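Sending over a structure as structure tokens; questions will come in a sec.
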Amino acid sequence: MKNGWFQLPIATRDGQFIARYSENGLAELDFPSCDRRRRGNESQTLSLDESDGDSRRLLLVLAKIRAWHRVTESALQSILAGRMPKNFPPLDAAGTAFQQSVWQELRKIPLGQTKSYGEIAAKIGKPKAVRAVGSACGANPIPVLVPCHRVIAAHGKLGGFSGRLGWKCKLLSAEGVQFPD
DNA sequence: AGGCTCATGACTC
DNA sequence: GAGTCATGAGCCT
């Protein structure tokens with residue numbers, strides 16, 4: 001794990017997600033891993049690099065992240081249940097300028113609606129960059145909250161998904177989206 | 001409906 | 001530069 005990042009699990013009925021935070025907000029969200037083996041310890045784990053030795057600042061950061069994590073948990077549970085979250089944590093996804101512009105556009109897609117890769121490309125002013133949009137979706141470090149699953153191929157086909165494609169179906173179904181097959 | 005080609009922008013090596 | 005993409009449009013059968 002990267003230096004100075006904090007990792008916290010989120011238990012859902014679909015398995016345990018992993019959230020990772022930088023000092024600026026939620027940086028990554030992982031789907032539950034395929035292997036189902038459970039470690040005995042379900043408690044929250046924190047890890048960090050304490051090289052700066054400033055414990056007072058550390059406590060402040062921890063408090064901040066705990067607060068963010070509560071918001072993240074609630075937002076994730078809401079979306080999995082097909083409801084629009086009331087609040088989002090601050091997001092700190094690392095990416096190129098192009099990727100950032102794509103991810104920002106994804107966040108504007110309302111729950112329960114979909115857009116095509118081409119529509120996203122047009123929205124960010126690069127109507128021909130359709131494949132690049134697909135790649136940027138695949139590079140999205142915060143799935144679900146940054147709704148890359150709401151981007152589908154033209155003419156209603158499903159397109160791809162970096163996790164298991166089943167997750168894309170599951171998330172869209174939870175949001176009430178109908179798609180062929 | 002399915003298969004093939006080509007244009008295409010961003011990214012990686 | 002060449003190769004890789006979570007695409008899309010066009011054109012065939």
Side-chain angles (χ1 to χ4, degrees), chain A residues 1-5 7 9-10 12-36 72-73 75-85 88-181:
Chain A
M1 168 147 44
K2 300 180 190 176
N3 281 351
W5 282 26
Q7 173 172 305
I10 301 177
T12 75
R13 70 176 191 285
D14 298 308
Q16 180 178 274
F17 287 67
I18 304 288
R20 278 188 275 276
Y21 299 86
S22 72
E23 281 189 40
N24 301 316
L26 178 62
E28 292 183 357
L29 183 66
D30 286 352
F31 284 108
S33 59
C34 308
D35 68 284
R36 201 160 284 262
T72 301
E73 284 183 305
L76 177 60
Q77 303 282 12
S78 291
I79 295 179
L80 290 179
R83 298 189 316 268
M84 186 61 181
F88 284 87
L91 303 183
D92 186 32
T96 64
F98 177 81
Q99 289 168 336
Q100 299 281 355
S101 69
V102 171
W103 299 337
Q104 186 176 343
E105 203 58 43
L106 298 188
R107 296 228 283 143
K108 296 183 188 166
I109 308 177
L111 185 139
Q113 295 189 24
T114 58
K115 290 206 180 307
S116 71
Y117 297 94
E119 286 177 288
I120 299 294
K123 281 268 195 181
I124 62 175
K126 307 195 181 220
K128 294 185 209 162
V130 288
R131 303 196 69 166
V133 166
S135 297
C137 290
N140 167 27
I142 313 179
V144 188
L145 296 198
V146 176
C148 50
H149 58 280
R150 297 187 195 132
V151 187
I152 61 178
H155 312 311
K157 289 202 277 285
L158 201 50
F161 201 66
S162 53
R164 191 57 213 124
L165 204 54
W167 273 109
K168 194 169 189 173
C169 293
K170 183 190 247 309
L171 291 165
L172 289 174
S173 298
E175 298 186 6
V177 174
Q178 305 294 334
F179 42 89
D181 265 69

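These numbers were taken from a predicted model, which means no experiment stands behind them. Naming convention: chains lettered A, B, ... in sequence-line order (proteins, then strands); numbering from 1 in each chain.
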About how many Å separate NE2 of A:His155 and OG of A:Ser116, when rounded to the nearest 0.5 Å?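 One finds 9.0 Å between OG of A:Ser116 and NE2 of A:His155.
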
Take the protein atom CH2 of A:Trp103 and the nucleotide atom P of B:dA10, then report the distance between them rounded to whole Å.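 These atoms are roughly 15 Å apart.
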
Inspect the contact between A:Lys115 and A:Glu105 and indicate whether a charged nitrogen and a carboxylate oxygen are less than 4.0 angstrom apart. no

Does the pair A:Asp30 and A:Arg20 meet the rule for a side-chain contact (heavy atoms from CB on, under 4.5 Å), with working shown? CA-CA 9 Å; A:Asp30 286 352; A:Arg20 278 188 275 276; 2.4 Å; yes

Looking only at side-chain atoms of A:Ala154, point me to the closest of C:dG8, C:dA6, C:dC5. C:dG8

Among C:dC5, C:dA9, C:dA6, the nucleotide that comes nearest once only the side chain of A:Phe161 is considered: C:dA6

Atom-to-atom span, NZ of A:Lys128 to P of C:dA9 - whole angstrom: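 Roughly 13 Å, once rounded to whole Å.
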
With the side chain of A:Cys148 defined as its heavy atoms from C-beta on, choose the nearest nucleotide among B:dT8, C:dA6, B:dC11.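 Nearest to the side chain of A:Cys148 among the choices is C:dA6.
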
Atom-pair distance (OH on A:Tyr117; P on C:dT7), nearest Å: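 Taking atom P of C:dT7 as the reference, OH of A:Tyr117 is at 6 Å.
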
Could you please name the option among C:dA6, C:dT7, B:dG9 that lies closest to any side-chain atom of A:Lys168?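 From the listed options, C:dA6 comes nearest.
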
If I take atom CD1 in residue A:Ile120 and atom P in nucleotide C:dC5, what distance separates them, rounded to the nearest angstrom? 22 Å

Could you state the atom-to-atom distance from CD1 of A:Ile109 to C1' of C:dA6 in whole Å?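 The distance from CD1 of A:Ile109 to C1' of C:dA6 comes to 14 Å, rounded to the nearest Å.
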
Using the closest heavy atom to pick a nucleotide of DNA chain C for each, name whichever of A:Ile152 or A:Ala132 lands nearer the 5' end.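 Residue closer to the 5' terminus by nearest nucleotide: A:Ala132.
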
Considering all heavy atoms of both residues, which atom of A:Arg150 and which atom of A:Gly112 are nearest to each other, and what is their separation?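 Here A:Arg150 and A:Gly112 meet closest at NE-N, 4.1 Å.
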
Could you work out which one of B:dA10, C:dT7, C:dA9 sits closest to the side chain of A:Lys126? B:dA10

Distance below 4.0 Å between A:Thr96 side-chain N/O and B:dC11 OP1 or OP2: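 Looking at the OP1 and OP2 atoms of B:dC11, one of them is under 4.0 Å from a side-chain N or O of A:Thr96.
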
Represent DNA chain B in dot-bracket notation, 5' to 3'. Only Watson-Crick or G-U wobble pairs with both distances under 3.5 Å count; pseudoknot-style crossings use [ ] and interstrand partners use |. |||||||.|||||

Which nucleotide in the list B:dC11, C:dG8, C:dA6 gets nearest to the side chain of A:Ala153?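 The answer is C:dG8.
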
Going from CG on A:Asn140 to NE2 on A:His149, what distance comes out if it is rounded to the nearest 0.5 angstrom? 10.5 Å

Could you give me the CA-CA distance, side-chain angles and deciding distance for A:Ile109 and A:Val151, then say whether side-chain contact (heavy atoms from CB on, under 4.5 Å) is met? CA-CA 9 Å; A:Ile109 308 177; A:Val151 187; 4.2 Å; yes

Taking CG from A:Asn140 and P from B:dC11, how many angstroms apart are they, rounded to a whole number?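 My rounded result for the distance is 14 Å.
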
Below 6.0 angstrom between ring centroids: does that apply to A:Phe31 and A:Trp167? yes

What's the verdict on side-chain contact (heavy atoms from CB on, under 4.5 Å) for A:Val177 and A:Ile152, showing C-alpha distance, side-chain angles and the deciding distance? CA-CA 11 Å; A:Val177 174; A:Ile152 61 178; over 6 Å; no

Answer with base, sugar-phosphate or nothing: what part of the nucleic acid does A:Gly118 contact at a heavy-atom distance below 4.0 Å? sugar-phosphate

A:Arg131 atom CZ is separated from B:dC6 atom P, nearest whole Å, by 14 Å

Would you indicate, yes or no, if C:dT7 has its OP1 or OP2 atom less than 4.0 angstrom from a side-chain nitrogen or oxygen of A:His155? no

How many whole angstroms separate atom CZ of A:Phe98 from atom C1' of C:dA6? 13 Å

